[in-house]
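In what follows, every heavy atom counts, from backbone to side chain, and hydrogens, waters and symmetry copies are set aside. This one's a predicted model, so the numbers in the text were calculated from it and none came from an experiment.
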Amino acid sequence: MVLEMTNIRKHFGDLEVLKDIELKVDNGEVVSIIGPSGSGKSTLLRCATFLERIDGGEIKYLDKTAASTKDNTVVYAGKKQLKEIKKSFGLVFQQFNLFPHYSVLKNVMDAPVSVLGRNKDEVEKEARELLDKMGLRDKADSYPCELSGGQQQRVAIARALAMKPDILFFDEPTSALDPELTLEVLRIIKQLAEEKMTMVIVTHEMSFARAVSNRVIFMDGGYIVEQGDPEEVFGNPKQERTKQFLKNYEG
């Protein structure tokens with residue numbers, strides 16, 4: 001099991017955004033999370049990647065406990081343990097979050113060299129291979145401002161992969177892109193799925209989620225309303241709320 005999130009609760013003031021969420025992700029599994037805006041999808045990813053602190057529950061990566069609840073108090077692992085655990089995952093944001101003053105190659109190389117302390121020449125070789133895989137071989141010396149949105153997002157994926165994570169999280173990776181650029185990015189994610197990369201993808205691209213996932217989770221109002229095989233969830237949803245939501249995407 002790469003990731004286990006158990007009884008996860010999260011509040012923002014009086015608003016309960018995540019209500020007793022369970023999420024388990026196996027090695028090589030691709031899980032898509034769908035649902036209306038405000039359903040808690042992105043907050044769940046932010047909690048999984050420690051960008052938000054949970055208010056209750058437990059988070060484990062590869063059987064290492066990152067956060068647990070004792071006597072109604074959430075306790076996170078120590079700094080050293082948390083640093084190790086953070087190496088387990090990568091996160092690709094909606095807005096790319098590239099360093100504007102770094103070249104494409106330096107954006108991909110920076111974390112393996114500065115965070116992991118790896119050999120620079122070795123990292124550069126791997127970074128160039130990743131850019132090649134992303135169809136960006138000729139963009140190594142370009143800067144983010146010189147790229148299209150789709151190209152920037154592919155650099156962001158290469159940067160996440162450069163850390164060799166056990167699991168990759170995508171938070172609406174195509175929401176800032178037009179339809180043509182969206183296809184570029186989805187093609188790369190599909191390729192990663194075929195290579196059995198473990199991924200959790202928050203997306204509004206329903207046909208993509210259906211095609212690429214092993215499991216689809218539908219969230220609404222801070223709950224997991226329904227989950228299962230993509231063909232079951234999309235083709236024969238059991239819950240009325242899921243049916244209503246998917247109706248909006250027909251045709």
Side-chain angles (χ1 to χ4, degrees), residues 2-13 15-26 29-59 61 66-67 89-97 153 156-157 160 165 167-177 182 185-186 189-190 192-193 197-230 232-234 237-249:
V2 181
L3 170 66
E4 292 179 74
M5 298 179 78
T6 314
N7 306 123
I8 300 298
R9 291 184 290 106
K10 176 66 186 171
H11 298 82
F12 291 117
L15 182 66
E16 196 175 12
V17 187
L18 297 176
K19 304 167 185 176
D20 204 26
I21 295 284
E22 305 265 335
L23 175 63
K24 292 179 170 59
V25 183
D26 273 325
E29 193 177 18
V30 179
V31 178
S32 287
I33 304 176
I34 62 170
S37 296
S39 58
K41 308 182 300 293
S42 291
T43 301
L44 179 59
L45 246 57
R46 290 178 68 80
C47 287
T49 54
F50 316 141
L51 294 172
E52 299 284 357
R53 287 181 72 89
I54 58 173
D55 295 316
E58 184 176 64
I59 303 173
Y61 280 92
F89 61 77
L91 176 59
V92 179
F93 299 89
Q94 297 179 23
Q95 297 295 343
F96 328 132
N97 287 19
Q153 193 59 297
I157 295 170
I167 182 170
L168 255 188
F169 294 97
F170 292 87
D171 186 11
E172 298 274 17
T174 59
S175 68
L177 305 176
T182 290
V185 173
L186 295 183
I189 299 173
K190 192 165 189 289
L192 293 174
M197 180 77 210
T198 310
M199 293 185 282
V200 176
I201 308 163
V202 168
T203 185
H204 58 273
E205 301 285 341
M206 297 301 137
S207 56
F208 172 73
R210 187 171 188 163
V212 84
S213 314
N214 304 107
R215 181 157 47 102
V216 172
I217 291 172
F218 171 64
M219 285 184 72
D220 190 35
Y223 290 102
I224 289 178
V225 175
E226 184 162 356
Q227 64 176 307
D229 175 271
E232 279 291 305
V233 174
F234 286 106
K238 293 176 178 60
Q239 302 299 325
E240 195 53 45
R241 182 66 190 94
T242 318
K243 289 176 190 171
Q244 284 171 7
F245 175 76
L246 291 173
K247 225 180 205 170
N248 297 326
Y249 283 92

**Student:** NE2 of His204 to OG1 of Thr174: how many Å apart, nearest 0.5 Å?
**Tutor:**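 Reported value, rounded in 0.5 Å steps: 4.5 Å.
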**Student:** Return each pair, listed once, that meets salt bridge (Lys or Arg N to Asp or Glu O under 4.0 Å) where at least one residue sits in residues 39-48; pairs must be two or more places apart or across chains.
**Tutor:**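 Passing the test, one end in residues 39-48: Arg46-Glu52.
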**Student:** Answer whether the closest heavy-atom distance between the side chains of Met197 and Val30 falls below 4.5 Å.
**Tutor:**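 Met197 vs Val30: side chains apart.
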**Student:** Sort and list the pairs that fulfil salt bridge (Lys or Arg N to Asp or Glu O under 4.0 Å) and have at least one residue in residues 200-214, not counting sequence neighbours.
**Tutor:**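 Salt bridge (Lys or Arg N to Asp or Glu O under 4.0 Å) check on residues 200-214 returns Arg210-Glu231.
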**Student:** Working to the nearest 0.5 Å, report the span between OG1 of Thr198 and CD of Glu29.
**Tutor:**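 Reported to 0.5 Å precision, the distance equals 8.5 Å.
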**Student:** Report the residue from Glu232, Arg215, Glu22 that forms a side chain to side chain donor-acceptor pair (under 3.5 Å) with Gln227.
**Tutor:**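 Checked Glu232, Arg215, Glu22 against Gln227; only one passes side chain to side chain donor-acceptor pair (under 3.5 Å): Arg215.
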**Student:** Within the structure provided, determine whether Met5 and Leu44 are in side-chain contact (heavy-atom separation under 4.5 Å).
**Tutor:**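 SC-SC contact between Met5 and Leu44 confirmed.
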**Student:** Kindly compute the distance separating CD (Gln95) from OG (Ser175), expressed to the nearest 0.5 Å.
**Tutor:**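 So the gap between those two atoms works out to 6.5 Å.
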**Student:** Are side-chain heavy atoms of Asp171 and Phe93 found at a separation under 4.5 Å?
**Tutor:**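 With C-beta onward as the side chain, the pair stays apart.
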**Student:** If you round to the nearest 0.5 Å, how far is CG of Leu91 from CZ of Phe170?
**Tutor:**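 If I round to the nearest 0.5 Å, the distance is 9.5 Å.
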**Student:** Return the orientation label for the Phe245 and Phe218 ring planes: parallel under 30°, perpendicular over 60°, tilted otherwise.
**Tutor:**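 Aromatic pair Phe245/Phe218 classed tilted.
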**Student:** Got a second to check how far Glu4's CD is from Asp26's CG, nearest 0.5 Å?
**Tutor:**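 Rounded to the nearest 0.5 Å, the CD-CG separation comes to 9.0 Å.
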**Student:** Do the side chains of Lys238 and Glu226 get close enough for a salt bridge, i.e. N-O under 4.0 angstrom?
**Tutor:**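 Looking at Glu226 together with Lys238, the answer is no, because their closest N to O distance does not fall below 4.0 Å.
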